[in-house]
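So that the names make sense, note that chain A is the first sequence line, chain B the second, and so on, each numbered from 1.
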Number of protein chains: 2
Amino acid sequence: MADRKEAGAKAGEGPASSQPTLDETDGEAPGRKSALGYTRPRTYEELRAVLASGTVHFPKRLRQVAIFLWQHPDDVALGTIVQVAEQAGVQPSTLVRFAKTFGFAGFSDLQGLFKDHVKGSWPEARGRAEPSPKAETRAELHFLGGIVAAARASLDRIGESFDVASFEAMIDVLAGADLIYLVGSKRAFPVTAYLSLTLSQQGVRNVLVDNVGSTAFDQIGCIGRGDALLAVSFSPYNSITPDLVAVAHEREAQIVTITDSTFSPLIPLSRRWIEVIESDFAGFRSLAASLSVGMALVHGVAARRSAGRRQGG
Amino acid sequence: MADRKEAGAKAGEGPASSQPTLDETDGEAPGRKSALGYTRPRTYEELRAVLASGTVHFPKRLRQVAIFLWQHPDDVALGTIVQVAEQAGVQPSTLVRFAKTFGFAGFSDLQGLFKDHVKGSWPEARGRAEPSPKAETRAELHFLGGIVAAARASLDRIGESFDVASFEAMIDVLAGADLIYLVGSKRAFPVTAYLSLTLSQQGVRNVLVDNVGSTAFDQIGCIGRGDALLAVSFSPYNSITPDLVAVAHEREAQIVTITDSTFSPLIPLSRRWIEVIESDFAGFRSLAASLSVGMALVHGVAARRSAGRRQGG
DNA sequence: TGCAAAATGGAAATCCTCTTCGAAATTTCG
DNA sequence: CGAAATTTCGAAGAGGATTTCCATTTTGCA
């Protein structure tokens, strides 16, 4: 490690003279620069402390950089400036500007901190992921542990049993649809809400049937043969979801369903369906598995759509 | 990283023809050369297995390289070829020869293995409960695996670092409030939607500020000193959430926040806040951790409320 | 609303890294 | 012991990566 640092120092010889800008500004208006003119952090921890202090007010892009550095230190350490910039959604030059703001000679200099950190923490920090023992001490923390465990269990179950064929078929149906309707009540609504958002962000137009203004049946009344409906429904099945799906079925729309048991009244109406079982803790039920499967569906649809567009024209 | 690999492959096009030495010797004395003619290892573990097998007889310098790679994988991942060569006590070109011996296009290609390994973000190797091996065969299933892994990683992070004090304090604030307002836009909306539902089911009255009819500011305009506001907000912070929270802050409501970085503009306005970092996969972000923490909050509030009622009434 | 200052995006220029190649040194085998 | 093959070394060229610079956009303020 010492060797590497020496080599680095050699490469960047004279970093002090190569950043006159900072010295100048320092001399001109120290009052404001004190926030940005922090002495160059010497370790990753120092940098993190500065970022966390919250005393620094960054403009938009630089803040974006700060957030990315905070959340993805590994990628910063391992990637090139272009790769990091791409992942962070900024220009490479922005990264350099950011580094200089903190008194580094450039991005490479800043990156050194991250490399050292990764190097130092690598072999030991591997065996993590265990909740701290204190988790059991307070009731609320115990509950949090239970909720997290339920979410994990739900995710595990996806790996254990997953109907690949149905999943693929559902993507086909949705990708082939003219317009995608999303239906989900109560617990299922957060799922459809997120899927609707993600679909829109992927450029796939869709209708989230949210029943605001009690207009759900009117919305569904517009569904046609070329459209598809993705229903998300959990037991107990006492919401309006089955009724809405029934209407869509009458109108000969393609229906696909995410549900939590084979007894769901939606299954007879559905072209394809997939079972996702969510675990619960003390009656509080996870959504982790449904969201994951739903996101995968969205991704599959978006991918197939763009592929089709490339093909077709 | 995929980019890098492609570039590497292009640069080293026809690696087989560029090492005729090996092929020749192969024909002459296969017993010894089979060791070098290994197919290119695809993962760090594979490479390690080959090195460990001991069946390979390297010349002096190459052996030196093998030993160094074995003992200092992190330095290999993070350094440049010059730095690695220096530390290993060989010429840079020796490293390139070593890499080519194993069928890599060059040093960068070999280094990719080490980078991937260090990053380890890829919980595929993280333990049991793998999705079926077929998971890699189809793109969509691979994506599902990635989404699930991201959700798991998010949940893991709760266990690693969790600000218990803030969490407890947030429960106190919310439990003591007259009416609880919930604010969250875009990605955060599914979270607040689910929390609102759960609160209601627990008998805790609340207002979900959903901005239907663009009435969010009017709703928030009714918040008072005795009320609390739970804001959920993720970067980028370009939604109306900060504005809504600012209004609530002016009206002296108690504000608590779930956010994903200390840079959130909500933090200065918040009485207490807690950081929850969600992992993402290919830009699709999990909500698992936020939902879990939120549910735990709801449970804590409900428990404290009913305890208070028992006491007071 | 208009001006000034700051921030941003993008491309050119520079620097460094990686790879290639031929000569020298070493080893191996007859 | 000598010749051939193999390995090593070091320099030079090609290709990226990083940085710098400037036009444009955005922000802040009167």
Side-chain angles (χ1 to χ4, degrees), chain A residues 4 7-15 17-22 25 28-29 32-33 35-36 57-66 76 78-86 88-101 104-112, chain B residues 1 3-15 17-29 32-33 36 57-66 76 78-86 88-101 104-112 238:
Chain A
R4 205 184 50 60
K10 198 165 115 198
E13 222 156 25
S17 62
S18 72
Q19 38 172 327
T21 340
L22 265 180
T25 53
E28 277 173 333
R32 177 166 181 207
K33 273 74 194 177
L36 300 177
H57 287 298
F58 289 117
K60 193 169 61 170
R61 283 288 117 100
L62 294 187
R63 160 168 302 214
Q64 207 170 320
V65 170
V76 177
L78 272 338
T80 69
I81 192 173
V82 173
Q83 291 167 352
V84 174
E86 208 166 290
V90 301
Q91 294 290 324
S93 52
T94 305
L95 291 177
V96 176
R97 267 206 310 279
F98 182 91
K100 297 207 162 184
T101 299
F104 295 97
F107 173 75
S108 306
D109 208 13
L110 168 68
Q111 192 184 33
Chain B
M1 192 152 278
D3 291 16
R4 208 182 41 62
K5 274 178 188 163
E6 281 170 27
K10 197 166 115 201
E13 224 156 24
S17 63
S18 73
Q19 38 175 325
T21 343
L22 268 180
D23 293 337
E24 283 171 20
T25 54
D26 239 335
E28 281 173 332
R32 182 180 171 191
K33 277 70 196 181
L36 298 177
H57 288 297
F58 289 116
K60 194 168 59 171
R61 284 288 119 100
L62 292 188
R63 158 168 303 219
Q64 210 171 319
V65 170
V76 176
L78 294 164
T80 70
I81 192 175
V82 173
Q83 292 164 357
V84 174
E86 209 166 290
V90 301
Q91 295 291 320
S93 53
T94 306
L95 291 177
V96 176
R97 264 188 298 121
F98 182 91
K100 296 207 160 184
T101 299
F104 295 97
F107 174 74
S108 305
D109 209 11
L110 168 68
Q111 191 184 33
N238 56 1

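Here CG of B:L95 is found 11.0 Å from OG of B:S108. Values are rounded to the nearest 0.5 Å.
B:L110 is listed as a side-chain neighbour of B:F98, based on a closest heavy-atom distance under 4.5 Å.
Residue B:P92 comes nearest to B:A85 through the heavy atom pair N-CB, 3.6 Å, listed as atom of the first residue, atom of the second, then distance. Contact detail for B:V76 and B:Q111: the closest heavy-atom pair is O-NE2, 3.0 Å. Nearest heavy-atom pair, B:F107 versus B:V96, reported as atom, atom and distance to 0.1 Å: CB-CG2, 4.4 Å.
The CG-P distance, from B:L95 to D:dC9, rounds to 11 Å in whole Å. Distance A:R63 CZ to C:dA7 P: 13 Å, rounded to the nearest Å. Computed from coordinates, the A:F107 CZ to D:dA17 C1' distance equals 11 Å when rounded to whole Å. In this entry the distance linking CD of A:Q83 with C1' of D:dG16 reads 11 Å, nearest Å. Between the CD atom of B:E86 and the P atom of C:dT17 there is a distance of 11 Å, given to the nearest Å. Taking atom CZ on B:F98 and atom P on D:dT8, their separation rounds to 12 Å, with Å as the unit. Between the P atom of C:dT17 and the CD1 atom of A:I81 lies a distance of 15 Å, rounded to the nearest Å. When the C1' atom of D:dT20 is taken as reference, atom CG of A:D109 falls 16 Å away, rounded to whole Å.
The side chain of B:P92 approaches C:dT19 more closely than any other nucleotide in the set C:dT19, C:dT8, D:dT19. When each of D:dT20, D:dC9, D:dA17 is scored by its nearest atom to the side-chain atoms of A:V96, the top-ranked nucleotide is D:dT20. Side-chain proximity of B:L62 to D:dT18, C:dT8, D:dT8: nearest is D:dT8.
Between the side chain of B:S93 and the base of D:dG10, a donor-acceptor pair under 3.5 Å is found.
Taking side-chain N and O atoms only, B:Q91 has a distance below 4.0 Å to OP1 or OP2 of D:dG10. Regarding contacts with the backbone of D:dT19, every side-chain N or O of A:K100 stays at 4.0 angstrom or more from both OP1 and OP2.
Where A:R97 and A:V82 meet DNA chain D, the nucleotide closest to each residue was compared, and A:V82 sits on the side nearer the 5' end.
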